[in-house]
Participant: 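One structure follows; several queries about it will come next.
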Amino acid sequence: PVVLSESRAGDAKTVTIEVPIGADTFTASDRPTTNFSTDSFLRVGFNKSGNGAERIFLYFPLDKIPANATIQSAVLRANVAGFSPNNDAPMGLLARFLITSWNPPTITWSNTNPQWGAEIGLGQVPASTGWVEGDVTGPVQDWVSGVRPNFGMMLQGDESPAAGRERVFFALNAQNGLYPRLVVTYQIDTMPPTSIVNPLPVWSRATFNVSWTGQDNQGGSGIKHYDLQARANGGPWQAWLNAATVTAADFNGQDGVLYEFRVRAVDRANNVQAFPNNPQANTRVDATPPIATVTALPQYTYSDAFTVRWGGADIGANGQPGSGIVRYDVEYRVNGGAWQPFKTNTTDTSGQVTQAAPGATYGFRARARDLVGNQQAFSATAQAQTTLSLGNPTARIIPFINGISRQATFLVQWTGTAALGAAIMNYDVESRFNNGPWTPWHDSFAAASAQFTAIQGDGVYSFRVRARDNAGRVSDWAEGPANRIAVDTAPPFITPRVYVPISPNK
């Protein structure tokens, strides 16, 4: 090879060389046993003067180009020595990879038929003499890097006998310097690139995205691909992605496991970055949703305003803490109806119910969402519920059976009724004598009866009562029918004659 130019930029050297043909010949279908390796010309197409179909075989030695070189451009140049017919339109030439070897001094149409593989490309050769060129950058890169073995290439033209189209090129044996050649520009980069895994959050869901970045050195050949490794809970490094050309990918992990990552880059000159000793990014998987519940409520609530409280825990795999609860959703329903929002996407752990409906049963349920977005499903039933009991208690004096007492001490009885779910705790009882002022007799008295002594002597004694329930609610004062009794301990005695019922006027 002849070095045409050489330059350096940063750590990269760019070289342009001319590689002369190493071996060239052609074969002819109508002269199947003739070897043309000493011929001065290379013929392709169809020759009506006795050769028939013609095919060219070319080989260029590329061992002087380093295997890690990046081929920036490669051009096949050949010199047209003749053509037929005159004024012919440009003829297409198809180049193919050869995948078996061939020997120039012995190859003929009949004794050697090197196997060909994929197409290299199609070019047009005009009906005129002089240099023609075709791009072969991809094939040369494959040969240099070892992706394909270099057995050269075969050229085919229009082999239709009726057309009789032919192109003739100067061969190496013409010894006029017009032989086929490659002009190759390649770059050598001796410095490996750098790369790093981008930071990850402390916690991630079971499937999370890992991204990375890389940079080649100044003037380098550019990054070709990345290799990524991962390890679980500090264990051995395992290959995750090899020869990745992307810079992000989803990773599937297991609940509770700490995953660490590292990356290395490989440039187009096959310089390989060393894997770092330490991980470049890590995250722990949280795949378990948190659990939230509403704090139990009393069976009965005695106010139309009450507080609902809730909370939760985020426990992951093996009983270890998860990423933590960040939001709650709380819903309620009345009398088993449809669920409705109470608190949505909230950090609160309590809420106030106001203007609740008397006698209604309120149910509540909560769900939690953790830092990575795992969300608990709502319970199908209420986690806590309470029934509103809002009525005040009632009380009354139990009627005296006989409205006259011959004794100064007699039994007074009363009763009380609490609202739904409530209970009577105690009573206040007052008395008065002969329609005088009411005076306290018992305060916060738990019993429902007591012996009364008429210390003011004979006369009419009246009684009234009020009840107090376990919610602290107090009834109105109530006397009740027949809440009076006449005390008559000294003659002359009052004697009832008849008891007359009262009939209301309808």
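Please read these numbers as outputs of a predicted model, since none were measured by experiment. As a basis for the values below, the full set of heavy atoms in this structure was taken, side chains included, without hydrogen atoms, waters or symmetry mates.
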Participant: If we count only N and O atoms by modelled type, under 3.5 Å, do the side chains of S195 and Q273 hold a donor and an acceptor together?
Facilitator: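 A pair is found: one side chain offers a donor N or O, the other an acceptor, under 3.5 Å apart.
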
Participant: Checking R77 against W131: charged group under 6.0 Å from the ring centre and within 45 degrees of the axis?
Facilitator: yes

Participant: What's the shortest heavy-atom distance between E119 and F97, and which atoms?
Facilitator: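 Scanning both residues completely, I find the closest heavy atoms to be O-CE1, 4.4 Å.
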
Participant: Taking only Lys NZ, Arg NE, NH1 and NH2, and the carboxylate oxygens of Asp or Glu, determine whether D88 and R165 approach each other closer than 4.0 Å.
Facilitator: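 Yes, this pair counts.
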
Participant: Can you tell me how far CD of Q156 sits from CG of D158, rounded to the nearest 0.5 angstrom?
Facilitator: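 Result: 11.0 Å between the selected atoms.
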
Participant: Side-chain contact, heavy-atom cut-off 4.5 Å: T33 with N111?
Facilitator: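 Counting from C-beta outward, T33 and N111 never come under 4.5 Å.
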
Participant: Does a sphere of radius 6.0 Å around CD in Q254 hold more than 12 heavy atoms from other residues, nucleotides or ligands, not counting ones at 6.0 Å or beyond?
Facilitator: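 Open: at most 12 neighbouring heavy atoms sit under 6.0 Å from CD of Q254.
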
Participant: Between D189 (side chain) and N271 (backbone), is there a donor-acceptor pair under 3.5 Å?
Facilitator: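 No, because the side chain of D189 does not come within donor-acceptor range (under 3.5 Å) of the backbone of N271.
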
Participant: Does Q187 reach the main-chain N or O of A69 with its side chain, forming a donor-acceptor pair under 3.5 Å?
Facilitator: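 Not at all, since once roles are kept as given, no pair shorter than 3.5 Å links the two residues.
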
Participant: For a 4.5 angstrom cut-off between non-hydrogen side-chain atoms, does T387 reach L420?
Facilitator: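 Yes, close enough: below the 4.5 Å cut-off.
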
Participant: Heavy atoms, side chains only, cut-off 4.5 Å: are I65 and I71 in contact?
Facilitator: yes

Participant: Could you go through the side-chain contact (heavy atoms from CB on, under 4.5 Å) check for T349 and Y328 one step at a time?
Facilitator: CA-CA 8 Å; T349 54; Y328 294 96; 4.0 Å; yes

Participant: Before accepting this row, confirm whether a basic side-chain N of the pair D329/R369 lies closer than 4.0 Å to the acidic partner's carboxylate O.
Facilitator: yes

Participant: Verify whether one side chain among N35 and S37 offers a donor that lies under 3.5 Å from an acceptor in the other.
Facilitator: yes

Participant: Please name the pair of heavy atoms, one in N209 and one in A248, separated by the smallest distance, quoted to 0.1 Å.
Facilitator: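 Taking N209 first and A248 second, the nearest heavy atoms are OD1-CB, 3.8 Å.
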
Participant: Given 3.5 Å as the limit, does a donor-acceptor pair link the side chain of Q383 with the main chain of A292, or not?
Facilitator: yes

Participant: Between the main-chain N or O of G421 and the side-chain N or O of Y302, is there a donor-acceptor pair closer than 3.5 Å?
Facilitator: yes

Participant: Counting N and O atoms only, with roles assigned by atom type, does the side chain of D227 sit under 3.5 Å from a partner on the main chain of A265, one being a donor and the other an acceptor?
Facilitator: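 Such a contact is absent between D227 side chain and A265 backbone.
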
Participant: Between the side chain of S29 and the main-chain N/O of A53, is any donor-acceptor distance below 3.5 Å?
Facilitator: yes

Participant: What do the steps show when you test T386 against T301 for side chain to side chain donor-acceptor pair (under 3.5 Å), and what is the final call?
Facilitator: CA-CA 6 Å; T386 187; T301 296; 2.6 Å; yes

Participant: For N173 and T38, which I'm curious about, is there any donor-acceptor pair between the side chains at under 3.5 Å?
Facilitator: no

Participant: Would you check if the side chain of R264 reaches a backbone N or O of P276 as a donor-acceptor pair within less than 3.5 Å?
Facilitator: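 Checking the backbone N and O of P276 against the side chain of R264, no donor-acceptor pair under 3.5 Å is found.
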
Participant: CG of D286 to CD of Q320: how many Å apart, nearest 0.5 Å?
Facilitator: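 Reported to 0.5 Å precision, the distance equals 12.0 Å.
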
Participant: Do Q280 side-chain atoms and V197 backbone N/O form a donor-acceptor pair below 3.5 Å?
Facilitator: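 Yes, Q280 side chain to V197 backbone: donor-acceptor pair under 3.5 Å.
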
Participant: Are I56 and M154 packed together at the side-chain level, in the sense that at least one heavy-atom pair is separated by less than 4.5 angstrom?
Facilitator: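 No; the side chains remain at least 4.5 Å from each other.
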
Participant: Can you name the one residue among L98, D142, I99 that meets side chain to side chain contact (heavy atoms under 4.5 Å, CB included) with R148?
Facilitator: D142

Participant: Counting C-beta onward and ignoring hydrogens, is there a side-chain heavy-atom pair between Y362 and F364 closer than 4.5 Å?
Facilitator: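 They are in side-chain contact.
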
Participant: For F57 together with W102, are the ring centres under 6.0 Å from each other?
Facilitator: yes

Participant: Working to the nearest 0.5 angstrom, can you tell me the gap between L155 CG and L58 CG?
Facilitator: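 Between atom CG of L155 and atom CG of L58 there are 5.0 Å.
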
Participant: Tell me, yes or no, whether the heavy-atom count around Q115 atom CD, taken from other residues, nucleotides or ligands under 6.0 Å, exceeds 12.
Facilitator: no

Participant: I'd like to know if the side chain of T283 reaches the main chain of P201, judged simply by a donor and an acceptor atom lying under 3.5 Å from each other, with no hydrogens or angles considered.
Facilitator: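 Checked: pair present.
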
Participant: One pair to check against side chain to side chain donor-acceptor pair (under 3.5 Å): N51 and D30. What are the steps and the verdict?
Facilitator: CA-CA 5 Å; N51 281 354; D30 288 351; over 6 Å; no

Participant: Hey, are the side chains of V15 and I188 touching, using non-hydrogen atoms and a 4.5 Å cut-off?
Facilitator: no

Participant: Do the ring planes of F208 and Y259 sit parallel (below 30°), tilted (30 to 60°) or perpendicular (above 60°)?
Facilitator: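 Taking Y259 first and then F208, their aromatic rings sit tilted (interplane angle of 30° to 60°).
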
Participant: Could you check whether any side-chain N or O of N47 sits under 3.5 Å from a backbone N or O of G52, counting only pairs where one atom can act as donor and the other as acceptor?
Facilitator: no

Participant: If you take all heavy atoms of T14 and T185, which pair is closest and at what distance?
Facilitator: CG2-CG2, 3.8 Å

Participant: Specify the closest pair of heavy atoms between P290 and N374, including all atoms of both residues, with the distance to one decimal.
Facilitator: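 Reported closest heavy-atom pair: CD-O, 3.5 Å.
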
Participant: Show, in sequence, the C-alpha distance, side-chain angles and deciding distance for F170 and F41, and conclude whether the ring pair (Phe, Tyr, Trp, His ring centres under 6.0 Å) test is met.
Facilitator: CA-CA 5 Å; F170 285 112; F41 301 100; 5.7 Å; yes

Participant: Would you give the length of the straight line joining atom CD1 of I21 to atom CG of L42, rounded to the nearest 0.5 angstrom?
Facilitator: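 CG of L42 is found 7.5 Å from CD1 of I21.
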
Participant: Where do W237 and N277 come nearest, in terms of heavy atoms and distance?
Facilitator: NE1-O, 4.4 Å

Participant: May I ask you to check whether W240 and F261 place their ring centres under 6.0 Å from each other?
Facilitator: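 F261 vs W240: aromatic centres under 6.0 Å.
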
Participant: Show your reasoning for whether side chain to side chain donor-acceptor pair (under 3.5 Å) applies to T307 and Q352.
Facilitator: CA-CA 5 Å; T307 300; Q352 190 75 11; 2.7 Å; yes

Participant: What are the two closest heavy atoms between F251 and V210, and how far apart are they?
Facilitator: CB-CG2, 4.1 Å

Participant: Within the supplied structure, the quantity of interest is the number of heavy atoms (other residues, nucleotides, ligands) at a distance under 6.0 Å from N242 CG; does it exceed 12?
Facilitator: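 Above 12, so yes.
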
Participant: So how far is it from S73 OG to D135 CG, rounded to the nearest 0.5 Å?
Facilitator: 8.0 Å

Participant: Could you check whether W109 and F36 have their ring centres less than 6.0 Å apart?
Facilitator: no

Participant: Under 4.5 Å between any side-chain heavy atoms of L62 and L182, yes or no?
Facilitator: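 Yes - at least one pair of side-chain heavy atoms lies under 4.5 Å apart.
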
Participant: Quick one: do V294 and V308 satisfy side-chain contact (heavy atoms from CB on, under 4.5 Å)? Show the steps, please.
Facilitator: CA-CA 8 Å; V294 180; V308 181; 3.7 Å; yes

Participant: Before you tell me yes or no, could you show the steps for Q229 and R262 under side chain to side chain donor-acceptor pair (under 3.5 Å), namely the whole-Å CA-CA distance, both residues' side-chain angles and the distance that decides it to 0.1 Å?
Facilitator: CA-CA 6 Å; Q229 293 182 340; R262 65 182 183 179; 2.7 Å; yes

Participant: Using the six-membered ring of F26, assess whether NZ or CZ of R55 lies under 6.0 Å from its centre and within 45 degrees of the ring axis.
Facilitator: no

Participant: Apply side-chain contact (heavy atoms from CB on, under 4.5 Å) to residues V326 and T347 and explain how you reach the verdict.
Facilitator: CA-CA 7 Å; V326 294; T347 59; over 6 Å; no

Participant: Please determine whether the number of non-hydrogen atoms from other residues, nucleotides or ligands lying under 6.0 Å from atom CD of Q215 exceeds 12.
Facilitator: no

Participant: Just how far is it from atom CG of L258 to atom CZ of R284, taken to the nearest 0.5 Å?
Facilitator: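 Rounded to the nearest 0.5 Å, the CG-CZ separation comes to 4.5 Å.
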
Participant: If we only count heavy atoms from C-beta on, is the P180 to F60 side-chain gap below 4.5 Å?
Facilitator: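 Side chain of P180 against side chain of F60, heavy atoms only: contact under 4.5 Å found.
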
Participant: Answer yes or no for R181 and Y179: cation-pi contact, defined as NZ/CZ to six-membered ring centre under 6.0 Å and angle to ring axis within 45°.
Facilitator: yes

Participant: When you look at W310 and D348, which way does the side-chain contact (heavy atoms from CB on, under 4.5 Å) test go after all the steps?
Facilitator: CA-CA 9 Å; W310 55 88; D348 296 340; 4.3 Å; yes

Participant: Would you say the side chains of N198 and S211 form a donor-acceptor pair under 3.5 Å?
Facilitator: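 A donor-acceptor contact under 3.5 Å links the two side chains.
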
